Protein chains: 2
Amino acid sequence: MGRSSDSRSERPGQHGRDNPRATGAVRLSDVAAAAGVAAMTVSRALNQPELVSERTRERVQRAVIETGYVPNRVAGALASSRSKMVAVLVPTVAHSIFADVVQSITDTLALDGYQVLLGLTGYQTQEEAAVVDTVLSRRPDAIVLAGTRHSEATRSRLKAARIPVVEIWDMSDDPIDMLIGFSHHAVGAAVADYLLECGYRRFGQAMADDPRSHQRAEGFNKCIRKAQEERPESGIQVTTCWADIPASLAGGRAAAASLLEEMPECEAIVCGSDTLAMGVMAEAQSRGMAIPETLAVMGFGDMSFAAATWPALSTVKIDGAEIGRLTAEHLLGCFNAPSPEPVHNVLDVGFEIMARQTTLTARN
Amino acid sequence: MGRSSDSRSERPGQHGRDNPRATGAVRLSDVAAAAGVAAMTVSRALNQPELVSERTRERVQRAVIETGYVPNRVAGALASSRSKMVAVLVPTVAHSIFADVVQSITDTLALDGYQVLLGLTGYQTQEEAAVVDTVLSRRPDAIVLAGTRHSEATRSRLKAARIPVVEIWDMSDDPIDMLIGFSHHAVGAAVADYLLECGYRRFGQAMADDPRSHQRAEGFNKCIRKAQEERPESGIQVTTCWADIPASLAGGRAAAASLLEEMPECEAIVCGSDTLAMGVMAEAQSRGMAIPETLAVMGFGDMSFAAATWPALSTVKIDGAEIGRLTAEHLLGCFNAPSPEPVHNVLDVGFEIMARQTTLTARN
DNA sequence: CTGTTAGCGCTTTCAT
DNA sequence: ATGAAAGCGCTAACAG
């Protein structure tokens with residue numbers, strides 16, 4: 001047993017020079033030597049244990065512990081062209097809505113041994129292109145990205161990568177591959193319909209200045225304009241205020257202050273996120289305005305953030321954690337499918353308007 | 001030019017079979033062929049452009065665009081044993097405090113071309129050990145992890161990895177390598193001192209049931225006990241309520257309700273996070289208790305979350321984004337240092353008690 | 001400044 | 001059930 005059969009077992013450096021190897025880490029062949037088997041057998045014992053006899057498996061197990069072996073998945077990924085990594089690209093993780101998505105995807109994928117490579121794209125298309133390139137160079141097995149508006153370069157890069165791509169958090173007529181999202185325009189329209197139905201007439205909008213908020217605002221405004229044309233006498237009005245991104249409580253306060261200045265008789269403020277909504281409510285409260293009696297406020301996102309604090313808040317319920325889970329499970333389905341062909345599949349998760357009685361029946 | 005000098009340029013599969021290669025992606029040698037240079041020259045043109053003549057650089061640039069080449073960093077990492085990835089391990093990203101850390105580290109590292117491999121460890125030591133192993137198998141160039149209480153297995157694994165390790169968000173006498181954090185025990189004690197100094201006597205604690213919150217509570221209680229012994233007549237009391245993790249507004253409300261039930265004459269509630277603090281304040285408000293006149297509330301974390309809404313809230317300021325930035329810059333310093341030896345370095349970023357006059361002078 | 005060669009540590013394939 | 005050989009796509013080291 002003096003000499004192992006592995007030609008590199010004496011750990012020479014590259015080119016046979018006799019300085020120590022760069023990493024110094026335990027290799028598969030070291031474990032193999034310790035267990036008295038071939039490297040390939042160790043690989044199998046670790047990755048496809050059912051193909052190895054129980055006796056060998058145990059010996060390998062022991063050798064792994066003895067040597068403190070940590071597999072090198074970089075090498076594994078190169079050899080097998082499967083990295084067991086999924087890239088997740090979101091504008092930011094400092095917003096609860098995307099943090100929930102990332103958390104949920106990470107948790108769900110971990111169950112199947114996949115890891116998340118995080119990419120934060122900011123809110124600029126140009127930045128996104130750079131992040132996509134960097135991330136693709138890691139050869140992830142799939143990529144999830146928020147939004148459906150990408151540069152043509154980004155789209156072609158993603159298609160050329162020939163891996164599952166899931167766009168989330170928005171809707172599109174022409175997804176790159178898969179899509180799990182909803183129409184922000186439709187949400188905006190639905191909110192307008194809803195509030196008009198409730199009897200409100202004078203609206204403010206406190207929206208973050210990002211593309212998806214713009215779409216919701218457009219949907220809202222379009223619906224409002226239609227109502228104005230149909231019922232010119234009703235006095236329907238809307239004023240919009242764009243808050244800086246990232247959205248903050250302070251931004252919400254400022255937006256509310258500005259809206260109430262411009263439109264003191266404002267009855268309802270529609271907000272681009274729960275964060276903005278809370279800022280708006282803080283401002284209203286500081287002015288002694290009763291919510292929802294004097295001013296109704298509508299948020300956007302999952303209720304969990306705000307509901308406990310502000311029972312008067314109504315919101316469009318979009319649960320990031322749920323979207324994340326759906327996305328991850330969908331991907332795992334792709335990975336496990338007999339055919340690894342990309343599936344073209346549009347899935348609208350819909351949305352739900354959560355309205356507390358206290359708020360939205362107030363004026364009836 | 002009919003035949004390239006690259007022996008694999010005709011893209012045979014492994015072992016010379018003639019099915020197409022697994023990935024089908026453009027390789028360095030494809031770019032080299034298109035540019036009429038050697039693969040190595042392309043590599044240099046991309047990674048060390050200063051070593052290549054301008055003419056060659058331009059030809060390579062053109063060939064890269066022409067072929068749509070996306071470097072394979074998996075192969076690069078294997079060959080060079082530098083992955084340009086930093087693993088970041090936090091309990092969760094669904095808490096603003098850790099989300100800020102991750103956001104900030106990601107942003108800062110991106111400036112130097114590093115990417116973040118995200119690991120979410122939950123709050124259990126056992127889970128952490130598994131995540132550490134998985135993450136190390138990707139051979140990150142460094143690892144950042146929240147907390148200083150790890151299993152012995154985790155510690156030895158991390159030491160054996162021979163990469164920079166930064167523990168953050170806590171203090172330790174025996175860090176694995178580097179540490180950027182603060183003592184939770186000391187924070188708890190400082191808060192107690194502060195509130196006693198302000199004249200408060202009957203305290204509630206609404207803490208999340210995680211190790212670091214426990215340490216703060218211990219620091220707080222120790223300080224309180226000392227005061228009780230020194231001034232038995234003063235009527236100093238404290239009751240603690242442990243909220244479920246992850247901390248939520250609802251959990252904060254429930255904790256406050258329970259505390260106020262047990263100790264109706266409670267004067268100040270110390271909270272384990274801003275989230276809990278906001279829940280506590282919601283409950284107080286719903287009971288018509290004036291803050292801070294009737295009940296003072298202290299949070300923990302960065303003010304940015306809550307300050308705009310609750311000017312009456314006081315808090316221990318721990319800015320996750322700042323810690324993240326510090327950590328990333330510290331790491332980049334290590335990477336660029338002439339000596340890549342691990343630096344043993346304890347850095348206490350300290351903390352700051354932000355106290356709004358309105359709250360903490362209320363009883364004076 | 002550019003090219004050649006020999007691996008990085010693993011998995012695929014084929015052979016036993 | 002186990003092993004041997006070849007190669008994944010890139011970069012370090014040396015040679016020119």
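FYI, side chains are in, hydrogens and waters are out, and symmetry mates aren't considered; it's all heavy atoms of this structure. Quick caveat: nothing in here was measured; it's all calculated off a predicted structure. We name chains A, B, ... by the order of the sequence lines, and we start the count at 1 in each one.
- Taking atom CD on E58(A) and atom P on dA1(D), their separation rounds to 15 Å, with Å as the unit.
- In this model, the phosphate group of dC10(C) is not approached by any side-chain N or O of S29(A) to a distance below 4.0 Å at OP1 or OP2.
- The separation between R82(B) atom CZ and dC10(D) atom P is 16 Å, rounded to whole Å.
- Between M40(A) atom CE and dA15(C) atom C1' the separation is 14 Å, expressed in whole Å.
- When atom types are taken as modelled, the side chain of D141(B) and the backbone of S83(B) share a donor-acceptor pair closer than 3.5 angstrom.
- A sub-4.0 Å separation between OP1 or OP2 of dC8(D) and a side-chain N or O of S81(A) is absent.
- Side-chain contact between V132(A) and T121(A) is absent, with no heavy-atom pair separated by less than 4.5 Å.
- Close to dC10(D), at under 4.0 Å from its OP1 or OP2, lies no side-chain N or O of S80(B).
- Annotation: the span from I180(A) atom CD1 to L326(A) atom CG amounts to 5.5 Å, rounded to 0.5 Å.
- Of the side-chain N and O atoms in S53(B), none sit less than 4.0 angstrom from OP1 or OP2 of dC1(C).
- Using a 4.0 Å cut-off, no side-chain N or O of T56(A) falls inside it from OP1 or OP2 of dA1(D).
- S137(A) and T134(A) form no side-chain donor-acceptor contact under 3.5 Å, judged by distance and modelled atom types alone.
- Side-chain proximity of L78(B) to dG9(C), dA12(D), dT13(C): nearest is dG9(C).
- Residues L179(B) and I168(B) have side chains not in contact (no heavy-atom distance under 4.5 Å, counting atoms from C-beta outward).
- Each of V37(B) and L28(A) was assigned the nucleotide of DNA chain C with the nearest heavy atom; the assignment lying further toward the 5' end belongs to V37(B).
- K84(A) has its NZ atom 15 Å from the C1' atom of dT11(C), to the nearest Å.
- Distances were taken from every side-chain heavy atom of A38(A) (C-beta onward) to each of dC10(D), dG3(D), dG3(C); the shortest belongs to dG3(D).
- The CD-P distance, from E54(B) to dT2(C), rounds to 12 Å in whole Å.
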Check against salt bridge (Lys or Arg N to Asp or Glu O under 4.0 Å), D177(A) and R155(A)
CA-CA 10 Å; D177(A) 182 10; R155(A) 289 180 62 96; over 6 Å; no
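- In this structure, T67(A) contributes its side chain and V64(A) its backbone to a donor-acceptor pair below 3.5 Å.
- Taking 4.5 Å as the limit, some side-chain heavy atom of L136(B) sits within range of a side-chain heavy atom of I163(B).
- Shown for residues 42-52 of chain B: residues whose heavy atoms fall under 4.0 angstrom of DNA chain D, namely S43(B), N47(B).
- Computed from coordinates, the R138(B) CZ to dC10(C) P distance equals 13 Å when rounded to whole Å.
- DNA chain D lies under 4.0 Å from no heavy atom of any residue of residues 63-75 of chain A.
- Contact of the V52(B) side chain with the P49(B) side chain is not registered, since no non-hydrogen atoms from C-beta on lie closer than 4.5 Å.
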